[in-house]
Undergrad: 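Take this structure first; my questions come after.
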Amino acid sequence: MGRMPKWADAVLVPLLSLIIAFVISGLVILAIGEDPVEALKIMVTGALGSTYGWGYTLYYATNFIFTGLAVAIAFHAGLFNIGGEGQATLGGLGVAVACLMLPWPHWSLALLASVVLSAAFGAAWAAAPAWLQAKRGSHIVITTIMFNFIAAALLNYLLVNVMRPRGQMDPASARFPAETNLPDLHQMLGWFGIPFAKGTPANVSLFVALIACVAVWAIIWRTRLGYEIRSFGKSEKAAIYAGISPVRITMYAMLISGALSGLMAVNTVQGEANRLLLNSVEGAGFIGIAVALMGRSHPVGVFFAALLFGFLYQGGAELALWTKIPRELITVIQALVILFTGALDDMVRVPLKRLFLASGRGGQ
Amino acid sequence: MDFATIIQILDSTVRLATPLLLACLAGLYSERSGVFDIGLEGKMLIAAFASAAAAAATGSVWLGLLAGIFASLMLAGLHGLASITFRGNQLISGVAINFLASGLTVLLGQKWFGLGGRTPSLEGAARFEPITLPFAGSIAPVPVLGPIYSELISGHSILVYVAIALVPASAWLLYRTRFGLRLRAVGENPAAVDTAGVSVTGIRYAAVAITGILCGLAGAYLSTALAAGFGREMTAGKGFIALAALIFAKWRPWYALAACMLFGLLEAVSIRYQSIDLGFVMIPVQFTQALPYILTVVILAGFIGKAVPPRAGGEPYVKER
Amino acid sequence: ADPAIIFDLGGKFDKSFNEAAFNGAEKWAKETGGSYKELEMQSEAQREQALRRLAESGANPVVMTGFAFGDVLNTVAPDFPDTKFAIIDMVVEQPNVKSVVFSEHEGSYLVGMMAALASKTGTVGFIGGMDIPLIRKFGCGYAQGAKAANPNATVILNMTGTTPAAWNDPVKGAELAKAQKSQGADVIYAAAGGTGIGVLQAAADEGILSIGVDSNQNHLHPGKVLTSMLKRVDVAVYEAFKEGTDLKPGINVLGLKEDGVGYALDENNAPLVTDEMKAAVDAAAEKIKSGELVVHDYMSDDTCPAANF
Amino acid sequence: MGGADISGRQSSAAPFAIELRGISKAFGPVQANKDISIQVAKGSIHGIIGENGAGKSTLMSILYGFYKADAGEIVIDGKVTPIPDSQSAIRAGIGMVFQHFKLVQNFTVLENVILGAEEGGILARSLARARKVLADLAREYELDVDPDALIEDLSVGHQQRVEILKALYRQADILILDEPTGVLTPAEADHLFRILKGLRDQGKTIILITHKLREIMETTDTVSVMRRGTMVATVRTAETSPEELAELMVGRKVLLQVEKAPATPGKTVLEVENLRVRDTQGVERLKGINLTIRAGEILGIAGVAGNGQSELLEVLGGIARGIGTIRLNGRELDLTGRHSDGQSRRADGIAHVPEDRQVLGLIMDFTAWENVAFGYHHAPEYQKSALLMDNDAIRADCEKKMATFDVRPPIPTLAAKNFSGGNQQKIVVAREIERNPDLLLVGQPTRGVDIGAIEFIHKQIVALRDAGKAVLLVSVELDEIMSLADRIAVMFDGRIMGERLPDQTNERELGLLMAGVSGEAA
Ligand SMILES: Nc1ncnc2c1ncn2[C@@H]1O[C@H](COP(=O)(O)OP(=O)(O)OP(=O)(O)O)[C@@H](O)[C@H]1O
Ligand SMILES: Nc1ncnc2c1ncn2[C@@H]1O[C@H](COP(=O)(O)OP(=O)(O)OP(=O)(O)O)[C@@H](O)[C@H]1O
Ligand SMILES: [Mg+2]
Ligand SMILES: [Mg+2]
C-alpha cells in the first residue's frame, strides 16, 4: 500500500497522542509526589464505579458533547470557534429567561422553551463574530475570544444589577419554579424500574445531547448545507466556484455552532443549578476544543471524547476530594491532550506515515 | 476631578499598563515573525508563579526574575516546537499552553507551599521596590510639574522603566536592524527569507524566545512588583488584554505603548469607580472592564483603521507538502 | 463519624475568613486527636456536588464557610435528614442546619473608633470585598465607630467588585489603598478576604496603617497593622465540631457579648495602640455588651446612619 | 564574443559551471526527479524544457538548496559542493528567480534586495551601499526600478527585475530563471532576453526554464529535456529543431489535429457587451470586452496568461463580479447581485471547467462521488427529501460517469487527490459536460494531461458543440486553440485585440495580436 490507511489517521494517531498525554500526566503526578496508579484507581472508581459516579460523569459529558459538537461543526467549515464559553454563557441567559418568564405547567414544555431560547441566545452571540469574519475578514479566533470576555461582563452586569432578587447576596438569578426542574436519571430510569443513584445532576439534557449528535451527523454528512459547509471548509476558492456563498456558510456554521454551545446551558442551568449562576460554563467551552480535536470532529468521536472528559472531570473531582492532588491536575491533562492531539499532531503522524510508507515499500 | 486625583489615576495607569505593555511587546515579536500567540496569558502566569516561588525560596527578587523568565521560555519553546518544528496549529498550541500554565502553577504551588496555589508573601529583597528618581523630593512642591515628576514619573519599580524603554528599543530593533528586517520579512513571506539564505526556523525561534523573555518580565512584574506574591489565576485575562492591545496597536511598538496605556487607564478607572455617572447615563463598571475587548472588535471590524496582521501569520512554513 | 468542613473560594489559606475556620478545625483536631475531612471550593458550580459528596461519605456534621452556600444548602439539607450541617455567615432555615452569624458591625465599630483615634489626617478608609449587604454591614459599623471617636472624621468607603472575584484580587486592593491614601486616608480597614492582603501590603508600603479582618492579621506587617477585627469563625467551627452529631440546629448570633467578634491586641501592634485608645474602645465595648450602646446593623434595614454606599 | 562560438567552447577539459550527478527527489509517493544528471558550461545559457509536472522546478530548487535531494551530488566549477540550504547556494554563486516570486510585498525594493545579504547588524549602511550598487546595475543592464517603491505597487515585470537584482547584488555567477516569461508581455520578455544575453556575455552562466520552444531556440546555447521526472536528452540548440524537442518532451510524435466537421452555428447563445472587471486590489483586469458565441460553435480565446482570460471565465462562471452586460439566450444575467453566483449560472445553463482543477474544480479531500455532485448538489436527482441528499444516487451517477469517461481507477470512494492529474480532469469534464449545458466554459482543458486524455477531452468538447451547444475555450496553448476553435479571439491587457478564423490566420499573426499589436497594424 505504502500510504497511511484512513483508519490509522482517524483512530491510531489520536490514540497514540492520547497515550503520550496520559503518560506525561502520570509523570506529573509522580513529580508532585503522588502515586499515579492509585490516582487512576480513585478516578475510575469515583467516576465509573457506581451509578452515582456515572451520574456525574454523564452530566459533565453532556456539557462536553454540546461544546465539542459546536467546535466540530465550525471546524468542518474551516472556522475555529473558541467562543464556546461566551456562547454558552449567553445560552444560560436564554435558559433563565425561558424558565423565569412564563409559568410553565410541565417540565417538558419548559425544556422546549429553554432549548429554543438557549440555542437562539448562543447563536446570536456567535453571529457577530461570524458576520465580522464573513464580511470584514476579522479573524474569528480573536473576535470570539473578545466576545467571551464581553459575555462575562454582560452576564456579570445582568446578574448583579438586573436579575438578582432583592436581598440575595450572591450574584445569581432567582430560583426557577419547581415545574421547570428537569427529571434526572434517577427519576427517568425509575420510570423503567432501573435503579440509579439519587441526587446526581445527570438529567434529560443528556438525551438532548444525543439527539444533537445525530442531528449534527445528519447535517454534516447528509444535507446540502453540510455538504456546502464541508466544501467551504476544505477550500474556500472551490466553494465559490461551486456557487457556495462564503458569507452564508460562515454564518450558518457559526450560528449552528453557537446554538450548540448555548444548548449546553440547559444541562447546567436548568438541569443542575436551577438558577443562573455567574460562571456556570466553567471552561466547558474550551474543553469542547479538546473534545472536537480528539473526536476528529465526527459526532461519534465527539461523543466518546466527551465521555472521556466527563470521566476526567468527575474522576478529578474525586481525586480532589480524597487525595492531596488538586483538581488542577485535570487542567494539566486537558492541556496535554489538546497539545498532543491538536498541535503536536505531526509529531505522531509523520513518523507513523514513514512507518507505513516503509512497510509498504518493504512489502512490495 | 481635581489635579491630584488625575495624577493618582495616571500613576495607577502606569503601574497597571506595565504588565500589559510587556506582554504586548512580547506578542509583537512572535506575531511579527508569523507565529500567532494566544498563549501570552499562560506564559505570564507561569512566570508570575516561578518568580514568586523562586523569590520566596531564595529571598532574591533577581533570582525570582530569572526563574520567571526561564519558566516562560520553556512554554515559549513548547509553542515553538509545536508551531515551528511540528507545524501544528498555532492557535491550538496557544490554548493548550494557557491551560498547562493554569494547571501547573496550582499543582506545583500546592506541592511546594501547601497554600492552595498561593506562594508565601514576599518581603524586602524578595520584591521589586519602587525607585525614587533623583530630585523627586525636591521638585515635588513645584506646582503641576512637581507632582507629575515626583508622583507620576518617579516611584515605580525598575520593571516599569524597563518596559517603557523597551518601546523605543523594539522600534529600533524592528525597523533599523538586520534582525528586525529579517523578523518582519519572515512574518510576511517566509519563502523570501528562506531563498535569501536565512533560516526561517532560526528567526522564528529567536522571535518566540524574545516573546518568552518578555512574558517572563511581565509575569515577574505581576507577582513581585505589583503584588507581593503569586495567587492562582493572577493574570486574570491580562494576556488576552495584551493581545487585544497588540491588535489595537496594529502590531507596532509605539502604538502598543498607546494601546496599553489606554487599557491600563480603563483598568485604573474601573478599579476606582464602580460606575461612572455621566449625568445623562450611568456607565456600569462592567462596561469599562469590557471596553478593551469591545474596542478591539471594533478595530478588527475595520470600521476605524483596519488592522492587517502579518501576512504569513498563523501559517506554519511548509516547503514540501 | 468524622466532621467535615468546606472552605469557600478564597481557600483555607486566605489569611482571613477561611483561614480562621481552618484554625478552628485544627484546634479541634489537636485537642481531640480526631480527624476531619476538608474541601476547598474551586468554582461556583461545584458547591452542590461537594456538599452532597461529603454528606454522602458519612461526614457529620458538615460545616461550610460563607453565605454563598446558603442557596445550595437549602436544597441539599432535606436530602440528608440524618446529617447535621452548619453554615457560617448565612441563615438557612432547615431542621438539620445550624446557622451561625456574627455581629460584625459591633466589632467593626470598635476598630472604626481605633482608626479615627490613630488617624492624624482625620480621614480613614474602608475597603470592602464584594459589594453585598454583609460587607456594607462591616463598613457601616466602622463608619459609626469612626464618627463616634471623631465626629469630624471623614470615612472613605470603597468596594472591590460585585462578584466573588472581589474576594481574591490583591492587586486591586493595593490600588484602592493607594487611591485612598492619596485622598488623605492614613488608616484603612480591609474587609475583603484575599483582596485585603493587597490592602495591608500597600498600606505598609505607603507607610500608613491598616486594619485586618476575620483572623488576627497583625503579624502580616508587624508594627504597620493597627489591629484586626476578629470574627471568631474559628470558635464557631470549633464549637460545631465539638458538638459533633449532636449539633443543635437553629440560628446562632455571635456578637461582642458572646465573644464572637472583637479586636486583636498582641505584641505586633502593641506600640501602635495607646492606653487612651484602648480605654476608649474597651469602654465602648462594655456599653455595647450591656446594650447601652446599639450599633446600627446595615442589614436590618439596608441603610446606614454614618455612611453612604 | 558572439553567441555562435559558445557551443564551440565546451571543450571537455574546462570544468563545467554546474554539474548535477544522479539527483533524485520524491515528495511522498510522487517521484519528482529520478537520477538526473546534467552539465552546464560556464558562460552559456542552458534551457530546460518539459511538460507540467516534469520536475524542472524541483530540480532547480535542489540546485538552489531550497529542497534537499534524496540522492545525488552537485558539482560547481569542478568541485563537489554540497548545497543543503540556500545560504550555501548563494555562497557558491548561485542565484535563482523562482516561478513564483519570493518577495516581501510590503517591503521596498531596497529592503528586498538586501534581505539576507545585509552588512552588519544595523541596516543604514547596507541600505546606502545597496542603493549605490543598484544604480550601477541599473545602468549596466537596463535594470532600473525605483529602489524606494513598495513591491506591491510594482508591475510583475518590475518585480521580476527585483528578483534578478537580488541575485546580481549577491554577485551570482550562475543565474537560474524558472519560467520567467509566463507572466511577461512579449516586449518585456524581449527586454529580459536582452539582459540575459548581456549577462552571459559578461561570463555568467544562465539556466532558463520555459515551456516556449521559440524562446529556447532564440536564446539558449544548449537545452535539456525532462519528462516525468527523468532527463531524456541534452542537445545543442543549434543542432536541434522545435519538432525534435517537442517529440522528446512528450515522448512520441505530436501535433494532433482534432477530427471535426465544420461548425454549423445557430442562434446566438452568449452576448457580452462592454464587460469590465476589477480584481480585489482594484486593478481593472477586463477593460470592456465584447463578444458573442452562437449555438454549435467553439470560440477560442488565445493570449499570454494573465491578460484577463481568467477573469473572463470567472465572471461568466459566477466567481467574480463585473459591470457591463451579459446575455444568455437573450436573457440578461445578473453581474453583481444575488444571482451572480455559480449556482445561478448553473441554473441558467452555464457549465464551467475551471482553469485550475485542483484549486477550483475539485475538493481534493472529497471522494470522487462527492466531487461529481460539486456545484450540482442542489440538482433534484441528487435529493432524497427536502432536507436530505441522496448519496446513493450520487454514487451511482458517479459510477456511470466514470465508465463513460474512462476514469481510472473507476472507484467512486477514492479521494480526488489520489487520482492522477489526467483522471482528475476527466472527473471535472464529465461532471460539467454531462449536464448538457447551453454554454460550456473551458479553461486550459488539457493542462498537465497526457496525450490520450487530451484526445478524449477534445472529442467530448467537439461532441457538445455538435449537439448545438456553445463553447468558450480558453487556452494558452496556441496549438489547442488552432485545432479546436471555430473562431479565435485574442486577448491582450483586458481587451479583445481581434478575431480570426483558424483557417485564415497563422501563429505569427496571432502572436502579434497576443503581444498587443493591433490587427490593422499587423
Ligand atoms: N513541494 C512539493 N510537495 C509535494 N510535491 C511537489 C512539490 N513540488 C512539486 N511537487 C510535485 O513534484 C512533481 C514535479 O513538480 P515540479 O514543480 O518540479 O514540475 P515542473 O516541471 O516545474 O512543472 P511546471 O511546468 O508546471 O512548473 C509534480 O508532480 C508536483 O506535483
Ligand atoms: N498526493 C498523492 N497522494 C497519494 N497518491 C498520489 C498522490 N499524487 C499522486 N498519487 C498517485 O500517484 C499516481 C501518479 O500520479 P501523477 O499525478 O504523477 O500521474 P501522471 O503520471 O501525471 O498521470 P496523468 O498523466 O494522468 O496526469 C496516481 O495513480 C495517483 O493515484
Ligand atoms: Mg515549475
Ligand atoms: Mg500528471
Side-chain angles (χ1 to χ4, degrees), chain A residues 28-29 31-34 80 82 128-129 131-133 135-139 141-143 145-158 160-161 283 286-287 289-290 293 324-350, chain B residues 36 38 42 78-79 81-83 85-112 114 116-117 232 237 240-241 243-244 247 284-294 296-297 299-303 306-307 309 313-314 316:
Chain A
V28 171
I29 299 179
I32 59 168
E34 303 279 336
F80 189 10
I82 84 176
W131 188 84
L132 289 172
Q133 161 88 49
K135 285 281 194 190
R136 318 279 317 179
S138 326
H139 204 307
V141 169
I142 305 292
T143 48
I145 291 178
M146 300 297 134
F147 267 73
N148 284 343
F149 286 105
I150 299 171
L154 177 66
L155 188 72
N156 184 334
Y157 172 78
L158 290 175
V160 169
N161 300 330
F286 286 112
I287 291 167
I289 298 168
L293 285 172
K324 293 237 171 311
I325 304 176
R327 203 163 174 273
E328 274 69 16
L329 175 67
I330 302 312
T331 315
V332 172
I333 297 181
Q334 178 189 328
L336 292 170
V337 169
I338 295 180
L339 191 69
F340 284 100
T341 57
L344 285 173
D345 215 30
D346 265 13
M347 203 170 87
V348 176
R349 181 179 290 118
V350 170
Chain B
F36 280 169
I38 58 176
L78 193 60
H79 188 53
L81 198 68
S83 43
T85 304
F86 288 108
R87 300 167 187 169
N89 185 319
Q90 301 169 3
L91 300 166
I92 292 176
S93 163
V95 170
I97 279 169
N98 287 337
F99 280 123
L100 199 58
S102 145
L104 275 183
T105 48
V106 178
L107 226 53
L108 295 176
Q110 179 64 17
K111 153 93 175 145
W112 289 337
R232 69 164 67 181
F240 290 106
I241 298 213
L243 193 65
I247 294 162
V285 65
Q286 291 89 352
F287 181 78
T288 323
Q289 284 165 344
L291 206 51
Y293 308 113
I294 296 173
T296 304
V297 171
I299 279 285
L300 272 172
F303 293 119
K306 188 136 181 77

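Treat the numbers as computed from the prediction; the structure is a model and nothing was measured. Naming: A, B, ... by sequence-line order, numbering from 1 per chain.
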Undergrad: Where on A:A152 is there a heavy atom nearer than 4.5 Å to chain B: the side chain, the backbone, both, or neither?
TA: neither
Undergrad: Grab the two heavy atoms, one from B:A244 and one from A:M146, that are nearest each other, plus how far apart they are.
TA: CB-CE, 3.7 Å
Undergrad: Side chain, backbone, both or neither: which part of A:V350 has an atom under 4.5 Å from a heavy atom of chain B?
TA: neither
Undergrad: Tell me, with the steps shown, if B:I92 and A:F80 meet side chain to side chain contact (heavy atoms under 4.5 Å, CB included).
TA: CA-CA 9 Å; B:I92 292 176; A:F80 189 10; 3.8 Å; yes
Undergrad: Within the structure provided, determine whether B:Q110 and A:E328 are in side-chain contact (heavy-atom separation under 4.5 Å).
TA: no
Undergrad: Is B:S102 close to chain A through its backbone or its side chain, or both, or neither, when contacts mean heavy atoms under 4.5 Å?
TA: both
Undergrad: Any chance the rings of A:Y157 and B:F287 have centres within less than 6.0 Å?
TA: no
Undergrad: Non-hydrogen atoms of chain B under 4.5 Å away: do they reach the side chain of A:I289, the backbone, both or neither?
TA: side chain
Undergrad: Do you know which of A:A153, A:G342, A:A335 has the most heavy-atom pairs with chain B at a distance under 4.5 angstrom?
TA: A:A335
Undergrad: For A:I145, is it the side chain, the backbone, both or neither that has a heavy atom under 4.5 Å from a heavy atom of chain B?
TA: side chain
Undergrad: Looking only at heavy atoms and a cut-off of under 4.5 Å, which of A:D346, A:I32, A:D345, A:V28 has the most pairs with chain B?
TA: A:I32
Undergrad: Would you call B:V297 and A:F147 a side-chain contact if the rule is heavy atoms closer than 4.5 Å?
TA: yes
Undergrad: For the pair A:F286 and B:F99, name the ring-plane relationship: parallel under 30°, tilted 30 to 60°, perpendicular over 60°.
TA: perpendicular
Undergrad: First locate atom CD1 of B:I247, then atom OG1 of A:T143, and finally report the distance between them rounded to the nearest 0.5 Å.
TA: 9.0 Å
Undergrad: Looking at A:Q133, A:E34, A:H139, A:Q334, which has the largest count of heavy-atom pairs under 4.5 Å with chain B?
TA: A:Q334
Undergrad: Would you mind telling me which of B:L243, B:L91, B:V95, B:T296 has the largest number of heavy-atom pairs within less than 4.5 Å of chain A?
TA: B:L91
Undergrad: Do you know which of B:N89, B:L100, B:L107 has the most heavy-atom pairs under 4.5 Å to chain A?
TA: B:L107
Undergrad: Is A:N156 close to chain B through its backbone or its side chain, or both, or neither, when contacts mean heavy atoms under 4.5 Å?
TA: both
Undergrad: Taking all non-hydrogen atoms of both residues, which atom of A:V332 and which atom of B:L104 are closest, and how far apart?
TA: CG2-N, 3.6 Å
Undergrad: So which of B:K111, B:Q286, B:Q90, B:Q289 has the biggest tally of heavy-atom pairs under 4.5 Å with chain A?
TA: B:Q286
Undergrad: Please flag which part of A:L339 lies under 4.5 Å from any non-hydrogen atom of chain B: side chain, backbone, both or neither.
TA: both
Undergrad: A:N161 versus chain B, heavy atoms under 4.5 Å apart: side chain, backbone, both or neither?
TA: side chain
Undergrad: If you count heavy-atom pairs within less than 4.5 Å of chain B, which of A:W131, A:F340, A:F149 leads?
TA: A:F149
Undergrad: At a heavy-atom separation under 4.5 Å, does A:L293 approach chain B through its side chain, its backbone, both, or neither?
TA: side chain
Undergrad: Give, for atom CG of A:L344 and atom OG of B:S93, the distance between the pair rounded to the nearest 0.5 Å.
TA: 7.0 Å
Undergrad: A:I330 versus chain B, heavy atoms under 4.5 Å apart: side chain, backbone, both or neither?
TA: neither
Undergrad: To the nearest 0.5 Å, what is the distance between OH (B:Y293) and CD1 (A:I150)?
TA: 9.0 Å
Undergrad: Would you find a donor on one side and an acceptor on the other, under 3.5 Å apart, between the side chain of A:S138 and the backbone of B:L300?
TA: yes
Undergrad: Under a 4.5 Å heavy-atom cut-off, does chain A meet the side chain of B:I241, its backbone, both or neither?
TA: neither
